[in-house]
Amino acid sequence: MTRRYELKDEEFTLIADLLPPVGRPGGRWNDHRTTLDGVLWILHTGAQWRELPERYGKWKSVYDRFNRWARDGTIDRILERLHLELDASGRIDFDLWRVDGTSIRASRAAAGAGGKRGTAEPADHALGRSRGGFGTKLHLVVDSGGVPLSAVVTAGRAHESKSLEPALEAVRIKRPGRGRPRRRPRRLAGDKGYSYRRIRRYLRRRGIKAVIPTRKDQRRNPKFDAGAYRRRNIVERCILWLKENRRLATRFEKLAVNFLAMVKLAMIRRCFRLIEPSDRT
């Protein structure tokens, strides 16, 4: 019996070729599907790694494999493949994207990672104090259909406006046989927290129309598209969908690279759901 958080046959078939060969000198790994289902169990339940059910293998082996995939690009390649499938079926909209940030409280278990580890790991491990407490800020870009396109994590005190550029630059939708990857929409919607001259200049240089309302201390924009802005709540709904995975409702990972990998696994689950319209929530 396939549990609802585990991969279906057709889902694993779609990504199986992206996983490393099974086996290594001096021993044999558990098969990748069982291991990936174990990681998805952790994502779904939010439980400690040591509580992983025996049907998924030894918890340390599953944890080590997750660590490896978080660093060697495997999880990124899986998400890229699903974006490719969605784009090929016309399910990614390049007209209007949305961007937003959300705070995620960190458990005490997330603290104490020590010094910086590797180029991909920020010195602060994307952890910091804000009005919401000690935690992480997740910045998300989605299209008009709720397809999560990219994610960036920063310390909890970081303002959303400081992470718009890296979040948008992280989008890369490959289009085989059709030239360079698509990386930008025609319009981008964000709340007043993104209403800064620097951001408007950045978007204008890239040919992106800003659908961002002005703050009270700014001159009103008579060309502001209020109708398009009202549709930006899809990004808030997508954030809620991702947080249904309990491992994202609270941060337990000490390293930012591992927490971001968990976020991307939740994005992968969402993309799988969107590829199968009959299973949509």
Side-chain angles (χ1 to χ4, degrees), residues 83 86-87 90-105 122 124 126 128-173 180-244 248 260 263 266-267 270 274:
H83 284 159
L86 287 165
D87 183 46
R91 298 290 300 278
I92 295 183
D93 170 46
F94 289 92
D95 177 44
L96 179 64
W97 291 357
R98 285 83 167 168
V99 61
D100 203 0
T102 184
S103 296
I104 298 176
R105 291 289 296 270
D124 61 5
R129 295 197 176 277
S130 65
R131 286 183 296 178
F134 183 66
T136 295
K137 184 71 69 67
L138 168 62
H139 311 268
L140 190 69
V141 177
V142 306
D143 81 337
S144 61
V147 177
L149 300 176
S150 73
V152 170
V153 294
T154 61
R157 61 183 175 274
H159 196 274
E160 285 91 339
S161 64
K162 298 293 182 65
S163 297
L164 183 143
E165 291 98 324
L168 201 56
E169 294 294 336
V171 179
R172 184 180 176 86
I173 311 298
R180 293 181 298 178
R182 291 289 298 272
R183 308 192 66 171
R184 60 193 65 170
R186 191 170 68 86
R187 299 178 292 170
L188 182 73
D191 61 25
K192 293 180 181 180
Y194 297 96
S195 184
Y196 289 90
R197 188 175 301 174
R198 170 182 56 82
I199 287 178
R200 295 183 187 275
R201 283 200 304 264
Y202 166 82
L203 295 176
R204 190 163 52 247
R205 286 197 303 268
R206 284 154 181 78
I208 303 171
K209 181 179 178 181
V211 184
I212 301 172
T214 53
R215 303 193 307 271
K216 290 182 179 180
D217 60 341
Q218 296 175 326
R219 181 183 301 176
R220 180 177 174 274
N221 179 10
K223 297 182 179 180
F224 175 66
D225 191 341
Y229 179 74
R230 282 194 291 269
R231 304 202 305 275
R232 66 168 294 280
N233 68 351
I234 188 68
V235 66
E236 297 167 353
R237 303 207 309 267
C238 190
I239 288 171
L240 293 176
W241 290 328
L242 297 184
K243 283 186 175 181
E244 287 178 0
L248 301 190
L260 182 58
V263 172
M267 294 166 64
R270 182 63 190 166
L274 293 171

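One is the number of the first residue; the rest follow in order along the sequence.
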> What closest approach, in Å, do Lys192 and Pro213 show between heavy atoms, and which atom pair accounts for it?
Replying inline: CG-CG, 3.6 Å
> Quick one: does Arg105's side chain have a donor or acceptor within less than 3.5 Å of a partner on Gly135's backbone?
Replying inline: no
> Between atom CG of Leu188 and atom CG of Leu96, what is the distance when rounded to the nearest 0.5 Å?
Replying inline: 7.5 Å
> Do you know which two heavy atoms are closest between Ala155 and Gly128, and how far apart they sit?
Replying inline: CB-N, 3.9 Å
>> How close do Pro122 and Ala126 get, counting heavy atoms only, and between which atoms?
In response: CG-N, 3.8 Å
>> Run Arg231 and Arg98 through side chain to side chain contact (heavy atoms under 4.5 Å, CB included) and show every step you take.
In response: CA-CA 9 Å; Arg231 304 202 305 275; Arg98 285 83 167 168; 3.1 Å; yes
> Of Asp100, Val152, Leu242, which is the lone residue that meets side-chain contact (heavy atoms from CB on, under 4.5 Å) with Leu140?
Replying inline: Leu242
> Do Ile239 and Leu138 come within less than 4.5 Å of each other through their side chains, counting heavy atoms only?
Replying inline: no
>> Ignoring hydrogens, what is the shortest heavy-atom contact between Trp241 and Ile234? Give both atom names and the distance.
In response: CH2-CD1, 4.0 Å
>> A quick test of your reading: do over 12 heavy atoms of other residues, nucleotides or ligands sit less than 6.0 Å from CZ of Arg215?
In response: yes
>> Any side-chain to backbone donor/acceptor pair from Asp87 onto Ile92? Under 3.5 Å, distance only.
In response: no
>> Using side-chain heavy atoms (C-beta onward) and a distance below 4.5 Å, is Ser161 in contact with Ile199?
In response: yes
>> For Phe94, is there any backbone N or O sitting under 3.5 Å from a side-chain donor or acceptor partner on Arg186?
In response: no
> Can you name the closest pair of heavy atoms from Leu260 and Ala151 and give their distance?
Replying inline: CD1-O, 3.8 Å
> Roughly how far, to the nearest 0.5 Å, is CZ of Arg204 from CZ of Arg197?
Replying inline: 9.5 Å
>> Please give me the minimum heavy-atom distance between Arg232 and Gly190, naming the atom from each residue.
In response: NE-C, 3.9 Å
>> Between Thr102 and Lys243, do the side chains contain a donor N or O and an acceptor N or O under 3.5 Å apart?
In response: yes
> CZ of Arg200 to CG of Leu203: how many Å apart, nearest 0.5 Å?
Replying inline: 8.5 Å
> Within a reach of under 6.0 Å around CZ of Arg206, are more than 12 heavy atoms found that belong to other residues, nucleotides or ligands?
Replying inline: yes
> Can you list the residues that meet the side chain to side chain donor-acceptor pair (under 3.5 Å) rule with Arg182, with sequence neighbours excluded?
Replying inline: none
> Out of curiosity, Glu160 CD to Ser103 OG, how far, rounded to the nearest 0.5 Å?
Replying inline: 7.0 Å
>> I'd like to check the side chain to side chain contact (heavy atoms under 4.5 Å, CB included) partners of Ala158; sequence neighbours left out, ordered by chain and number.
In response: Thr154
>> Is it the case that atom CZ in Arg180 sees more than 12 heavy atoms from other parts of the structure closer than 6.0 Å?
In response: no
> Do Glu244 and Arg270 meet the salt-bridge criterion of a basic N to acidic O distance under 4.0 Å?
Replying inline: no
> Looking at Pro185, Ser150, Ser144, which one forms a side-chain contact (heavy atoms from CB on, under 4.5 Å) with Trp97?
Replying inline: Pro185
> CG/Leu149 to CZ/Arg172 distance, rounded to the nearest 0.5 angstrom?
Replying inline: 14.5 Å
>> Donor-acceptor check, side chain of Gln218 to backbone of Ser195, threshold 3.5 angstrom: yes or no?
In response: yes
> About how many Å separate CG of Leu240 and CZ of Arg237, when rounded to the nearest 0.5 Å?
Replying inline: 9.5 Å
> Distance under 6.0 Å and angle within 45° of the ring axis: does Arg187 meet both against Tyr229?
Replying inline: no
> Would you find a donor on one side and an acceptor on the other, under 3.5 Å apart, between the side chain of Arg91 and the backbone of Leu274?
Replying inline: yes
> Arg184 and Val171: side chain to side chain contact (heavy atoms under 4.5 Å, CB included), yes or no, with the steps?
Replying inline: CA-CA 8 Å; Arg184 60 193 65 170; Val171 179; over 6 Å; no
> Step by step, would you call Val99 with Leu168 a side chain to side chain contact (heavy atoms under 4.5 Å, CB included)?
Replying inline: CA-CA 8 Å; Val99 61; Leu168 201 56; over 6 Å; no
